[in-house]
Enquirer: 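Structure provided below as structure tokens; questions to follow.
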Amino acid sequence: MVKFLSSTAASLALPSPVLDAAPSFPMTGAAARCLILLFSALYLAPSFSSGSTSHSRKSYIVLMDKGQMPSSFSHHLHWYESAVRSSAALAATSGGDMQPRIFYSYDNAFHGFAAMLTEAEAEQLEFQPGVVTILPETVYRMHTTRSPQFLGIVPESHNGHMSAALAAHDVVVGVVDTGIWPESPSFSDRGMPPVPSRWKGACEIGRGFNISNCNRKIVGARIFYRGYEAFQGVINEMAEFKSPRDEDGHGTHTASIAAGSPVTGANFMGYGNGTARGMAPRARIAVYKVCWSGGCISSDIMAAIDRAVADGVDVLSISLGGEATSYYRDALSIGAFGAMEKGIFVACAAGNGGPDPISLTNVSPWIATVGAGTMDRDFPATVRLGNGMNFTGVSLYSGRRSLSPQRQYALVYFGDNLSRPTPKSLCLNGTLDPHAVAGKIVICDRGISMRVEKGLVVKDAGGIGMILVNTDANGEELVADCHLLPAIAIGAISGKAIKHYTESTPNSTATLTFEGTKLGIRPSPMIPAFSSRGPNFLTLEIVKPDMVAPGVNILAAWSGANSPSALPFDPRRVRFNIMSGTSMSCPHIGGIAALMKGSHPEWSPAAIKSALMTTAYVLDNTQQPLKDEANGEPSTAYSHGAGHVDPPKALDPGLIYDISPDEYFEFLCSQKLTPSQLKVFSKSANRSCKYSLAGAGNLNYPAISAVMTNIQGSTLTLRRTVTNVGPPNSTYDVNISAPKGAKVVVRPAQLQFCRQNQKRSFRVIFVTKAPQPSETFGALTWSDGTRAVRSPIVATWLLPP
Ligand SMILES: *[C@@H]1O[C@H](CO)[C@@H](O)[C@H](O)[C@H]1NC(C)=O
Ligand SMILES: *[C@@H]1O[C@H](CO)[C@@H](O)[C@H](O)[C@H]1NC(C)=O
Ligand SMILES: *[C@@H]1O[C@H](CO)[C@@H](O)[C@H](O)[C@H]1NC(C)=O
Ligand SMILES: *[C@@H]1O[C@H](CO)[C@@H](O)[C@H](O)[C@H]1NC(C)=O
Ligand SMILES: *[C@@H]1O[C@H](CO)[C@@H](O)[C@H](O)[C@H]1NC(C)=O
Ligand SMILES: *[C@@H]1O[C@H](CO)[C@@H](O)[C@H](O)[C@H]1NC(C)=O
Ligand SMILES: *[C@@H]1O[C@H](CO)[C@@H](O)[C@H](O)[C@H]1NC(C)=O
Ligand SMILES: *[C@@H]1O[C@H](CO)[C@@H](O)[C@H](O)[C@H]1NC(C)=O
Ligand SMILES: *[C@@H]1O[C@H](CO)[C@@H](O)[C@H](O)[C@H]1NC(C)=O
């Protein structure tokens, strides 16, 4: 049921269709036509035919330096066309009609276009004046009602402050995902004021989606598929909705987490019953559908971000990730930079690649990178063995076929090596012998195939129940699933005990019981094994993820066109579904950022992120350090970043670490990018490196990463500047928890403010005391007696050169 954000899926090797130059849409250079290209032309599918491979065209994203456009061109589209024509002439291919070749023009968050080019043309285009970079198309993947209460966002009626602020500013959250199921009660616009005139978005119609599907809640709905069709082939309109309607459910789920209206009595087959409410229930939703049955394509994602910026969104929530290997080749990184420059807060999922280290996606410092935490709600279920032992796990099973708690049923495990799963022990389809399974409960190892599918394989083989056991890779992380037969997910430690019992007992037996919804689970939150981990492989000096938010067993709205398990042969349909993943954490932060934007419209995206990070907590509800479910140990900044988000505190952070677009650019200047790679972010000749940062560690980030030399006595000085957004007259004192092996001194150790928005700078001096074999963790906290402004510290120890 979890949509794993890219980590499990190898990048798709998709056939690239050959595009014929079909004269279907005459272009002129007028600005109006440019808009037509972006709006209406979305409904024109390029026509394909098979052709000779030597001239086969693929889609590319071409970023342009608009500052270099010769004045002889009246419009930038003419210039783009001319560049493509010239490269076609140089590559000795036919230029053809430009319209179907240039299928997107980007002009808001960044400048450039997406086009069909042969490899030879792409090579030639690289040398055309004004061309900054050419990116091949790449595939991104999708990696959720108790969370508002758990986060301290109490119902609106009890908290006039937040909702009043939000109503005053009228915030729009853009959700870049699989579309939306507009009939869901989560998208009711009851009581919402008219859409503000500043909003430039549109409601694009198509199969299953007409103008009445937009309302005062869903204020925009657009689709982006030209890149997908160029890459993957024409969408079969009968098989999927070529409209903003959500076939999948993922986009409906994420949109309702961010800004769903309150719905009472929401539950998933009785589980999690309560009021489902988005983080910012009064905010508007703008839908940008970029994901289709075969994935989400980079040129479409960039077109969506470019359009969202022009439409006027305040926040973007993007629960997608790819295999980004650099800041300047990753569509999401480039797109988010452009949005950030326009003051738009961008939240992205950290990825579901944990607990392996270096498993993060979306690590750019201008993105809020969100990992997952558990909540204090659980769906417990118990395995009782024939020997009387009980083991607690979780389940969302709700079928009629149930096992008697009084009886015992035969229990089998088909692994032949307790320390290594086999195809049979994993219950892969086609491995189970019905004679051996009929009437029994089967133990299945987690991994390889989808969890609900394993249960179905057991059911189809005649089994009556399943115990889904974590391997060491998942540790004690428990993700509840809506199984099609009685089934319970069990952690690795209990799993080993159950397997040991089965192996050592001739006629082993068990029964399964389901206990419904339990609240007040302690300890919580914890960090689930799947949440991606640092360090940040692009830049050690920037700690990632930034923070964690609820991402396990989240109840939110669902598509009426997909089953809750997302398995094609599952006939069930639900209004609400329970999902897990950093895909669910990301819109929590997107929605909370919308609340903050409503309260503090003048805050920059970096200021909002700083407030979220410096007020995040690192103790669970038993006052112990947050735990990592993968190993039961305290989690670190590599798994929880600054900690777990605390929205009420984030609204009053006291101090913020602000970062301007120019400072982010200076950060890039510290990253050994070539001048042409830097141009991806400099936009025009105006922005050039000033080398004002003495190293990436000096970016004014709310988290501190000290990359230390592993020699006793060596020192490192980092600089930070805080802005007072609390009471004008304030005094803050520092409190340091030094990472092991380092001595840390802060100068000055006291900061005094006498007005709002006053800035004060300080230095953090690290001295290597005792070299460490691996990274160590600490924190720096400024406190005025009321507010604590906490930054995590990570010390990384490099061998001397
Ligand atoms: C450079 O900056 C100025 C003012 O900041 C602006 O008016 C001008 O358009 C910019 N030049 C380019 C090439 O973008
Ligand atoms: C829009 O679709 C709904 C059903 O989804 C239908 O009831 C309604 O009449 C349609 N409205 C228009 C203007 O076509
Ligand atoms: C959910 O809770 C509401 C209100 O407490 C109650 O009326 C309703 O019957 C419950 N639904 C389920 C399925 O438990
Ligand atoms: C297991 O649970 C059952 C039912 O709650 C209880 O009777 C039994 O004593 C428990 N067994 C152990 C070993 O705690
Ligand atoms: C079981 O798997 C472990 C780890 O892969 C391996 O070292 C061991 O030799 C295997 N034992 C058997 C009996 O296959
Ligand atoms: C298992 O494979 C068979 C044959 O390919 C297929 O019909 C069936 O749907 C599969 N079952 C599951 C649970 O995937
Ligand atoms: C196990 O079950 C088999 C078949 O039902 C039976 O013949 C055998 O006596 C049982 N063994 C034990 C130890 O109960
Ligand atoms: C802040 O302190 C200054 C001098 O200490 C004083 O003049 C001023 O009135 C104070 N402002 C506020 C808002 O308390
Ligand atoms: C500094 O932090 C430590 C640990 O969090 C705490 O025990 C101590 O009281 C704090 N010191 C001050 C002066 O706040």
Side-chain angles (χ1 to χ4, degrees), residues 1 179-185 187-189 202-215 217-218 221 241-247 252 287 380-393 399 402-409 411 414 423-424 426-434 437 442 444-468 481-485 487-488 490 493-494 497-498 500-501 505 508-516 518 559-561 563-573 575:
M1 191 163 82
I180 199 156
W181 194 261
E183 290 81 9
S184 168
F187 308 123
S188 157
D189 65 353
C203 189
E204 295 179 353
I205 59 171
R207 185 166 76 89
F209 205 90
N210 65 28
I211 205 81
S212 60
N213 291 129
C214 288
N215 58 17
K217 168 61 83 178
I218 303 173
F241 293 109
K242 199 170 177 176
S243 78
R245 183 169 289 277
D246 182 9
E247 196 88 40
T252 300
V287 176
T382 303
V383 177
R384 180 160 343 121
L385 300 180
N387 65 5
M389 295 281 287
N390 299 319
F391 296 93
T392 301
S402 178
L403 304 180
S404 161
Q406 273 75 45
R407 265 192 68 188
Q408 285 282 314
Y409 303 85
L411 176 68
F414 297 112
K424 260 184 125 161
L426 288 160
C427 301
L428 302 186
N429 194 4
T431 64
L432 298 186
D433 173 7
V437 169
V442 181
C444 299
D445 285 318
R446 190 167 156 192
I448 312 287
S449 62
M450 285 175 72
R451 299 184 299 272
V452 174
E453 186 181 324
K454 289 172 193 284
L456 195 58
V457 168
V458 170
K459 190 181 182 208
D460 287 348
I464 56 159
M466 172 176 73
I467 303 175
L468 179 65
D481 292 305
C482 52
H483 292 285
L484 291 152
L485 85 173
I488 299 179
I490 288 281
I493 295 169
S494 303
I498 295 171
H500 183 259
Y501 158 77
T505 312
S508 53
T509 59
T511 190
L512 310 177
T513 55
F514 303 90
E515 283 140 55
K518 283 234 164 72
S559 165
S563 64
S565 64
L567 294 174
F569 31 76
D570 181 347
R572 299 174 295 178
R573 292 294 179 268
R575 291 201 310 166

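Indexing begins at 1, ligand by ligand and atom by atom, following the structure's order. Residue numbers start at 1 and run along the sequence shown.
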Enquirer: Using modelled atom types and a 3.5 Å cut-off, is there a donor and acceptor pairing between side-chain atoms of Thr382 and backbone atoms of Thr513?
Expert: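 Not a single qualifying donor-acceptor pair exists.
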Enquirer: Does a side chain donor of either Lys454 or Ser449 reach within less than 3.5 Å of an acceptor in the other side chain?
Expert: yes
Enquirer: Relative to the heavy atoms of Asn390, which atoms of ligand 4 are at a distance of less than 4.0 Å?
Expert: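 Those atoms are 1 (C), 2 (O), 3 (C), 8 (C), 10 (C), 11 (N), 12 (C), 14 (O).
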Enquirer: Below 4.0 angstrom, counting only protein heavy atoms, does anything approach atom 4 (C) of ligand 6?
Expert: no
Enquirer: For Asn213 and Glu183, run side chain to side chain contact (heavy atoms under 4.5 Å, CB included): C-alpha distance rounded to whole Å, both residues' side-chain angles, the deciding distance at 0.1 Å, then the answer.
Expert: CA-CA 8 Å; Asn213 291 129; Glu183 290 81 9; 3.6 Å; yes
Enquirer: Pick one: which of Leu456, Asp445, Val458 meets side chain to side chain contact (heavy atoms under 4.5 Å, CB included) with Cys427?
Expert: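 Of the listed options, the one satisfying the test is Val458.
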Enquirer: Can you tell me how far CE of Met466 sits from CD1 of Ile488, rounded to the nearest 0.5 angstrom?
Expert: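 Between Ile488 CD1 and Met466 CE, I get 10.0 Å after rounding to 0.5 Å.
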Enquirer: Give yes or no for whether the N/O distance cutoff of 3.5 Å, strictly under, is met between Gly388 and ligand 4.
Expert: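 Looking only at distances, the answer is yes, because the N/O contact criterion of under 3.5 Å is met.
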Enquirer: Are there protein heavy-atom neighbours of atom 7 (O) of ligand 6 below 4.0 Å?
Expert: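 Not a single protein heavy atom is under 4.0 Å away.
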Enquirer: Say whether Asn210, considering both its backbone and side-chain N or O atoms, lies within less than 3.5 Å of an N or O atom on ligand 2.
Expert: yes
Enquirer: Identify, by atom number and element, the atoms of ligand 6 in contact range of Asn429, meaning under 4.0 Å from any of its heavy atoms.
Expert: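 Those atoms are 1 (C), 2 (O), 3 (C), 8 (C), 10 (C), 11 (N), 12 (C), 14 (O).
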Enquirer: Sub-3.5 Å donor-acceptor pair from the side chain of Lys242 to the main-chain atoms of Arg207, do we have one?
Expert: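 Side chain of Lys242 to backbone of Arg207: no pair is present.
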Enquirer: Scan the protein's non-hydrogen atoms and note whether one is under 4.0 Å from atom 11 (N) of ligand 6.
Expert: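 Protein heavy atom within 4.0 Å of atom 11 (N) of ligand 6: present.
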Enquirer: Suppose I only count heavy atoms of Arg384 and a 4.0 Å limit; which atoms of ligand 4 are within that range?
Expert: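 Listed by number with element: 1 (C), 2 (O), 3 (C), 4 (C).
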